[in-house]
Protein chains: 2
Amino acid sequence: MSERKEVVTMAHGSGGRAMQQMIERLFLSAFDNPWLSEREDAARLSIAALSQQGDRLAFTTDSYVIDPVFFPGGNIGKLAVCGTANDLAVSGATPAYLSCGFILEEGLPLEDLQKIVNAMAQTAREAGIAIVTGDTKVVQRGAADKVFINTAGIGVIPADIHWAASRIQVGDKVIVSGTLGDHGATILNLREQLGMTLEVESDCAVLAPMIAPLRALSGVRALRDATRGGVNAILHEFSAASGFGICIDETAIPVKPAVRGICELLGLEPLNFANEGKLVVVVSAQEENAVLEILRSHPLGADAITIGEVTGQTQVCLRGALGVSRQLMLPNAEPLPRIC
Amino acid sequence: MSERKEVVTMAHGSGGRAMQQMIERLFLSAFDNPWLSEREDAARLSIAALSQQGDRLAFTTDSYVIDPVFFPGGNIGKLAVCGTANDLAVSGATPAYLSCGFILEEGLPLEDLQKIVNAMAQTAREAGIAIVTGDTKVVQRGAADKVFINTAGIGVIPADIHWAASRIQVGDKVIVSGTLGDHGATILNLREQLGMTLEVESDCAVLAPMIAPLRALSGVRALRDATRGGVNAILHEFSAASGFGICIDETAIPVKPAVRGICELLGLEPLNFANEGKLVVVVSAQEENAVLEILRSHPLGADAITIGEVTGQTQVCLRGALGVSRQLMLPNAEPLPRIC
């Protein structure tokens, strides 16, 4: 039973027949859409169709280098679609089109690549996003770690939506859409071989459907998906952009018991852990309940909760159970490299 | 004199303070523009402004993994702007906006990264392109080779431009904008340490200004920049998309003597060598001279020449000096991995 596994070879990245065949068999069949079928270097997108949905394009990019490539709750392909779609959605846009660039290490099993591509295709299809243009490079064994993926995304922002951290005001409420640190804890447990049977998996998900109804509210100031750097990085970003402070209630922060356990074991702070399916929303106090209601009506936002508010100070602080506040610093580096 | 070189560390990719500082000092100052200054996850681009220039967006992406990172005529940063700008321009678009995603290997000298970023900024600025959104990841030493860059680009295609390989017709002329194989020969010489003092450097350049006036001609069918896979790959792509053949005159192919020398030494075919600043244009016989005139009036197209024509056959062939034709096959892999 010596079945030989098919793997990625240098020829797959060379611009010759081997590459053409891989593109056709693997990518074109999975991502199938009219733009890709044209086989031109650039996809051509109707501006008239885009302008019917809003007055501005949102344009963003992320590279994904997560280690390990497969993890409970997803894989690097699913992540590469969710992460970029979410960056579009938090700008107020409806995600529409993605590009994808693969950097493959020679020797990667084609079976693994197929699983990754299938996850991308399925996640994009479910979210109504088309992967319309792409590129594949192969580097020799040891020059990359299995597979890196870049996605860039285009979405359309409706004319009346102007979410931005600079619009945050004193008295605004800070809401998170669910438990924090699930993705970070899952990857940490896997990678450091802690061997804990964690009842937790990555929260990797496209948040656009949950975000869309928030566009009906006038008091929403700014949204972020709390990925690398966790909620803490977002709070500091909001504070720097608005010039105001943010005070968070330590007891309000939703964390799954298993994640709390791993954090206490290792002396880590769940606010610094990456999430891949959690929103931070800043909203006027008047519309706090409206946001909570919208979020909680979506399965991904069932645990949405207000964790704090915007203050006239300039620092980010954490209010403990006894009412004592301490300044929350942005760490120089987060505990986990290659988390996304 | 033991000066310690500053290098990229894992902290630079962590979402914490170290990353924020690198983004500000290195990227924001070099790429400086109103979209980046907003510091939002996604750049916001006016659809009205885009629609004034045409009716379709062109959207494309490429990852750049070239080895070595610095080479005569450019570096990976310059290449990452030129390559994606050219993919937009050959679709008929005016390149407008780029995203950039960096994957950095821990230990990369910050001085090298600064040079790469400066080259990107300068090349983009000269071409009237804004780098409006970006992302930086760092992987541990040995998990990537120095630096990989992805750029995705958005351009606008004027309403009357419909260049596509499917529009190619029998009798059309095939024109190249200059000498072939300069980029490939330069990298081969460097990397394989052939030690030849080649009078040649990479032709890496933004071709958009040379392409723009071609939009005034009605007989232009399709354009490509002949990168990975060389002119040969483009000819096969054109043949497959149109269902016609292409016949090339061996004696017409412009190749610099130094490149010819390296090819003969190694038994390689310059038609398979990558270029990073050369166009292949297919045009009606009526407008052949108009295209040649436009190309030759630009410094990057001074050596433009007709190399062949579209035939009723279905194969790509090479006609030798004595008039004998042989079929030109697409190699399974090109001679040089990581050429771009």
Side-chain angles (χ1 to χ4, degrees), chain A residues 10-11 13-18 39-48 50-51 55-63 65 87-88 90-91 93 97 99-101 103 132-135 137-140 142-145 148 150 152 154 157 164 224 228-229 233 241 330-334 337-338, chain B residues 10-11 13-18 39-48 50-51 55-63 65 87-88 90-91 93 97 99-101 103 132-135 137-140 142-145 148 150 152 154 157 164 224 228-229 233 241 330-334 337-338:
Chain A
M10 294 307 292
S14 73
R17 266 186 295 123
R39 303 293 300 270
E40 292 287 331
D41 278 351
R44 291 147 200 219
L45 313 171
S46 157
I47 294 179
L50 292 165
S51 68
D55 66 342
R56 283 151 297 151
L57 296 183
F59 181 38
T60 191
T61 191
D62 261 324
S63 298
V65 298
D87 279 347
L88 293 173
V90 297
S91 77
Y97 301 109
S99 68
C100 72
I103 298 175
V132 295
T133 186
D135 174 58
K137 294 291 188 304
V138 180
V139 298
Q140 68 276 27
D145 190 5
F148 301 147
N150 176 283
I154 294 175
I157 308 175
R224 288 287 189 280
R228 186 169 44 156
L330 184 61
N332 188 57
E334 75 152 342
R338 297 183 62 189
Chain B
M10 293 308 290
S14 74
R17 267 185 295 123
R39 302 292 300 270
E40 292 286 331
D41 278 352
R44 291 147 201 220
L45 313 171
S46 157
I47 293 180
L50 292 164
S51 68
D55 66 342
R56 283 150 298 150
L57 295 183
F59 181 38
T60 192
T61 191
D62 260 325
S63 298
V65 298
D87 279 347
L88 293 173
V90 297
S91 77
Y97 302 108
S99 68
C100 71
I103 299 174
V132 295
T133 186
D135 174 58
K137 295 290 189 303
V138 180
V139 298
Q140 68 276 28
D145 190 6
F148 301 147
N150 175 283
I154 294 175
I157 308 175
R224 288 286 189 281
R228 186 169 44 156
L330 184 61
N332 188 57
E334 74 152 344
R338 297 183 62 189

> Which atoms of Val139(A) come close to chain B, meaning under 4.5 Å heavy atom to heavy atom: side chain ones, backbone ones, both, or neither?
Replying inline: both
> What are the two closest non-hydrogen atoms of Met10(B) and Pro337(A), and how far apart are they?
Replying inline: CE-CB, 3.2 Å
>> Test your reading of the model: is there a side-chain donor-acceptor pair from Thr60(B) to the backbone of Asp41(A), 3.5 Å cut-off?
In response: yes
> In chain order, what residues pass the side chain to side chain donor-acceptor pair (under 3.5 Å) check against Ser63(A), with sequence neighbours excluded?
Replying inline: Asn150(A)
> Side chain, backbone, both or neither: which part of Ile157(A) has an atom under 4.5 Å from a heavy atom of chain B?
Replying inline: side chain
> Which one, Thr133(B), Val90(B), Val138(B), leads in non-hydrogen pairs under 4.5 Å with chain A?
Replying inline: Thr133(B)
> Between Phe59(B) and Phe59(A), what is the ring plane arrangement, given parallel below 30°, perpendicular above 60°, and tilted in between?
Replying inline: perpendicular
> Of the listed residues (Val65(B), Leu88(B), Val132(B)), which shares the most heavy-atom pairs with chain A below a 4.5 Å separation?
Replying inline: Val65(B)
> From Asp62(B) CG over to Asp135(A) CG, what is the distance, rounded to the nearest 0.5 angstrom?
Replying inline: 4.0 Å
>> At a heavy-atom distance under 4.5 Å, which candidate from Leu330(A), Asp87(A), Asp145(A) has the highest pair count against chain B?
In response: Leu330(A)
> Any idea which heavy atoms bring Gly101(B) and Thr61(A) closest together, and the distance?
Replying inline: N-CG2, 4.5 Å
> Where on Ala18(A) is there a heavy atom nearer than 4.5 Å to chain B: the side chain, the backbone, both, or neither?
Replying inline: both
> What pair of heavy atoms forms the shortest contact from Phe148(B) to Ala144(A), and how long is it?
Replying inline: CE1-CB, 4.0 Å
> At their closest point, which heavy atom of Arg39(A) faces which heavy atom of Arg224(B), and how far apart are they?
Replying inline: O-NH2, 3.9 Å
> Can you list the steps and then say if Leu50(B) with Leu50(A) is a side chain to side chain contact (heavy atoms under 4.5 Å, CB included)?
Replying inline: CA-CA 11 Å; Leu50(B) 292 164; Leu50(A) 292 165; over 6 Å; no
> Of all of Ala152(A), Ser99(A), Ala58(A), Ser51(A), which one pairs up most often with chain B through heavy atoms under 4.5 Å apart?
Replying inline: Ser99(A)
> Quick one: what part of Ile103(A) sits under 4.5 Å from any heavy atom of chain B, side chain, backbone, both or neither?
Replying inline: side chain
> Within the distance-only criterion (no hydrogens, no angle test), does the side chain of Arg338(B) pair as donor or acceptor with the backbone N or O of Gln140(A) below 3.5 angstrom?
Replying inline: no
> Side chain, backbone, both or neither: which part of Ala164(B) has a heavy atom under 4.5 Å from chain A?
Replying inline: both
> Among Ala48(B), Gly134(B), Ala233(B), Ala93(B), which residue forms the greatest number of heavy-atom pairs with chain A at distances under 4.5 Å?
Replying inline: Gly134(B)
> Between Arg44(A) and chain B, which part of the residue has a heavy atom less than 4.5 Å away: side chain, backbone, both or neither?
Replying inline: both
